[in-house]
Number of protein chains: 2
Amino acid sequence: MQLKSLRLLVAVAETGSFGAAAKRLHTVQSNVTTHIKKLEEELGVQLIHRAGRVRPTSAGLALVEYAERMLSAHDEAVSLFKGQEKACGRLRIGAMETTTALRLPTILAAYHAAQPDVDIQIKTGPTAELVELLLNGQVDCVFVAGRLEHGRYHSLKAFSEQLVLVGSTPMTKMPSSQALLTSAFLAFRQGCSYRQRIELMLASQGVNAGRIFEFGSLDAMLGCVAAGMGYTVLPRGTVEAHQHRFGIHTLALPTSIANIDTYFVAPEPETWTPALASFAETLRDAVVVNEPQLTAS
Amino acid sequence: MQLKSLRLLVAVAETGSFGAAAKRLHTVQSNVTTHIKKLEEELGVQLIHRAGRVRPTSAGLALVEYAERMLSAHDEAVSLFKGQEKACGRLRIGAMETTTALRLPTILAAYHAAQPDVDIQIKTGPTAELVELLLNGQVDCVFVAGRLEHGRYHSLKAFSEQLVLVGSTPMTKMPSSQALLTSAFLAFRQGCSYRQRIELMLASQGVNAGRIFEFGSLDAMLGCVAAGMGYTVLPRGTVEAHQHRFGIHTLALPTSIANIDTYFVAPEPETWTPALASFAETLRDAVVVNEPQLTAS
DNA sequence: TCAGGTTATCTATAAACAAGATAGTAGCGA
DNA sequence: TCGCTACTATCTTGTTTATAGATAACCTGA
């Protein structure tokens, strides 16, 4: 059973004529006859009343209903890839908690305005987890800290963040090693690249990582820092966006530790759905506006 | 885009290998490559990651979802015709009010027990209307009074009914012409063959059809007869089935007027869905039990 | 019965397909 | 780094299938 034959069957049922069906689908009447006949032989049922008025039999009518389901699914699938201008379908994005909170809203708003027919799904998690999701094909693209060395993946430097130390009291210089040792550190769960930076920072101060509490959400973490539970390390922009809600204070970190780049990573562009391609374009536009010195690889 | 290619795509996505997909669908690996490649060219997107693990790209995953919709519709359609033993789908039956009330329940119960997966739809109406429905393909088969002369239709004498005169008082002989003239007659709406019999009966008594009230339902009609509104003519069996609920009385009519045959009419058997074929069989069995002298044409 | 329109059949050409053989490639382990 | 293995891509060949056009058969309505 071929989609071509079913399309002809539907056309015959609708036009009530083999010739008209042939014309509609740009072929000749003899081919319509052949296709219908083949369908009938395949199913062992007469599908079309030929004598007098040409119209579908009960069996034909029943098949037409299924044919319409198949054809509409087919046409929808085709429009997923060949839809002109407007993309449709689904876009699954993986992003770090901080990126989701700070950077994505603007971009998603712009994207949704451009492509209202795309269903957007966001999964948040630490870098390592996101890379895993991408490798498993459970998301279409991710925003992670650092480019993915794995070949056959497309990386685009999306955002540059400045990490700052966040505490509950104003700071003018780095807390003493003693203060750091006795304080707790709050970080995202295992795998978050920011957490590595915390450990790096502590090491640079000659302090071994002490107690590190793990959090799943940004709000919870900042709330706890504000409550004096300890320190954390976050992008400056993220903190500033929330500073009016929490009683928190920041301290700049040394450049070598502070600078952290967020990359947009996705499989090769040849594998992109129009929805993803369009998202990458939206992202590129947004990045160019913010910092013209973008790097693709 | 062919169903065959989509089936291969799904198999590749599920097995994670071209060779395994080929084996599953009883073909060779080179054909799988060709089909997938053709799909990719057609859609302008890479569907399968070939390097390392063979797995679908985001685009491939999206297409697989549509493919599954198409294929399941296809398989369902095939099982509609090729399903062994159990028929499925839909059966649209047209029947007269009296047949529906008196004869169908038994048959439908037997049919439903045999074919539980068939959705049954009943449309009731007078003979002329039912024939119209059948000719238009809006029902799959009908029960009507009299065989359909139109060629290319399959007729089977299903039931023989004895029409009786129904009134609100006990009758031992035909009411007088005078009584008939001053009485109202209750009948189904225009097109009901029983109504023609009423007029025939009145004519045989030398009376012109007087007031005839039209009803849409049997219950309403019998209720009105019981209330003394007038006479009606109905199959004996139908009346007997309802006699305990209404205060009504019957009088046998002359054989020439009384005998009326109900036929099962459907298009040619070649056009039957398994659901309809199975129904015809159930009916034939039921008819043989009741009156072995059945006639098919 | 005839005319007009419609479907079925036939045929030659072109295209598509399936299977097998072979070449190329990535990943793995020594 | 070097094979080894398992996999996909490509090429070839014979066969099947699709297409368009011409023609025959058919039905319907006048």
Side-chain angles (χ1 to χ4, degrees), chain A residues 1-43 45-57 60 135-137 148-153 267-268 270-271, chain B residues 1-43 45-57 59-60 135-137 149-153 267-268 270-271:
Chain A
M1 189 186 300
Q2 292 196 320
L3 288 173
K4 217 185 305 180
S5 310
L6 293 173
R7 194 152 256 145
L8 284 169
L9 176 71
V10 171
V12 168
E14 283 178 0
T15 62
S17 146
F18 283 45
K23 198 168 291 178
R24 181 197 284 193
L25 296 180
H26 311 101
T27 179
V28 295
Q29 168 265 322
S30 62
N31 290 330
V32 179
T33 298
T34 310
H35 273 272
I36 300 288
K37 220 173 110 182
K38 196 171 166 192
L39 274 180
E40 289 179 331
E41 278 166 14
E42 201 174 326
L43 298 174
V45 188
Q46 189 177 331
L47 297 169
I48 300 286
H49 286 295
R50 263 82 153 196
R53 273 284 156 284
V54 168
R55 59 191 186 74
T57 63
L135 260 42
N136 290 338
L148 189 55
E149 283 313 324
H150 195 302
R152 285 190 300 275
Y153 278 85
E268 299 154 295
E270 295 79 48
T271 73
Chain B
M1 189 186 302
Q2 290 195 318
L3 289 173
K4 216 184 306 179
S5 310
L6 293 173
R7 196 153 254 142
L8 284 170
L9 175 72
V10 172
V12 168
E14 284 178 0
T15 61
S17 145
F18 282 47
K23 199 169 288 178
R24 180 196 286 195
L25 296 180
H26 310 101
T27 179
V28 295
Q29 168 264 323
S30 61
N31 291 330
V32 179
T33 297
T34 311
H35 273 273
I36 300 289
K37 219 173 112 183
K38 197 170 165 193
L39 273 179
E40 289 179 332
E41 277 166 14
E42 202 174 325
L43 298 174
V45 188
Q46 189 177 330
L47 297 170
I48 301 285
H49 286 295
R50 263 81 152 199
R53 273 280 159 285
V54 167
R55 55 189 188 78
T57 64
L135 261 45
N136 290 339
E149 284 312 325
H150 196 301
R152 283 191 298 277
Y153 277 85
E268 299 153 293
E270 295 80 50
T271 73

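Quick caveat, the model's predicted, so the values are computed rather than measured. Below, all heavy atoms of this structure are taken into account, side chains as well, without hydrogens, waters or symmetry copies. Note on naming: letters A, B, ... go to the chains in the order of the sequence lines (proteins, then strands), and numbering restarts at 1 for each one.
- As rounded to whole Å, 14 Å separates atom P of dA18(D) from atom CE of Met1(A).
- Between Thr27(B) and dA19(C) there is a side-chain polar atom (N or O) within less than 4.0 angstrom of OP1 or OP2.
- Taking OG1 of Thr57(A) as the reference point, atom CZ of Arg50(A) lies at 9.5 Å (rounded to 0.5 Å).
- Between Leu25(A) atom CG and dT19(D) atom P there is a gap of 11 Å when expressed in whole angstrom units.
- In this structure, the CG atom of Asn31(A) is 14 Å from the P atom of dT9(C), given to the nearest Å.
- One finds no side-chain N or O of Lys4(A) lying less than 4.0 angstrom from the OP1 or OP2 phosphate oxygen of dT17(D).
- Not a single donor-acceptor pair under 3.5 Å links the side chain of Arg53(B) to the backbone N or O of Asn136(A).
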Report the C-alpha distance between Val54(B) and Thr15(B) in whole Å, list the side-chain angles of each, state the deciding distance to 0.1 Å, and finish with yes or no for side-chain contact (heavy atoms from CB on, under 4.5 Å). CA-CA 9 Å; Val54(B) 167; Thr15(B) 61; over 6 Å; no

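- Side-chain N/O atoms of Lys37(A) include none lying less than 4.0 angstrom from OP1 or OP2 on dT7(C).
- Between Arg53(A) atom CZ and dT7(C) atom C1' there is a gap of 14 Å when expressed in whole angstrom units.
- Atom CZ of Phe18(B) and atom P of dA19(C) are 17 Å apart (whole Å).
- Note on Lys38(B): a side-chain N or O is less than 4.0 Å away from OP1 or OP2 of dC17(C).
- OP1 and OP2 of dG20(C) both lie 4.0 Å or more from every side-chain N or O belonging to Gln29(B).
- For Arg50(B), a side-chain nitrogen or oxygen approaches OP1 or OP2 of dA9(D) to under 4.0 Å.
- Ile36(A) is listed as a side-chain neighbour of Glu40(A), based on a closest heavy-atom distance under 4.5 Å.
- One atom, NZ of Lys23(B), and another, P of dC7(D), lie 9 Å apart when rounded to the nearest Å.
- Under 3.5 Å, the side chain of Ser30(B) and the base of dG20(C) form at least one donor-acceptor pair of N or O atoms.
- Position along DNA chain D of the nearest nucleotide to Thr33(B) versus His35(A) favours Thr33(B) as the more 5'-ward residue.
- Among the heavy atoms of the strands lying under 4.0 Å from Ser17(B) are primed sugar atoms or P, OP1, OP2 only; no base atom is included.
- Summarising the geometry, the separation between CG on Leu8(B) and P on dA19(C) is reported as 11 Å, rounded to the nearest angstrom.
- Ile36(B) places its CD1 atom 13 Å from the C1' atom of dA9(D), with the value rounded to the nearest Å.
- Expressed to the nearest 0.5 Å, how far CG of Leu8(A) lies from OG1 of Thr27(A) amounts to 7.0 Å.
- No contact: Val32(A) has no heavy atom under 4.0 Å from any strand.
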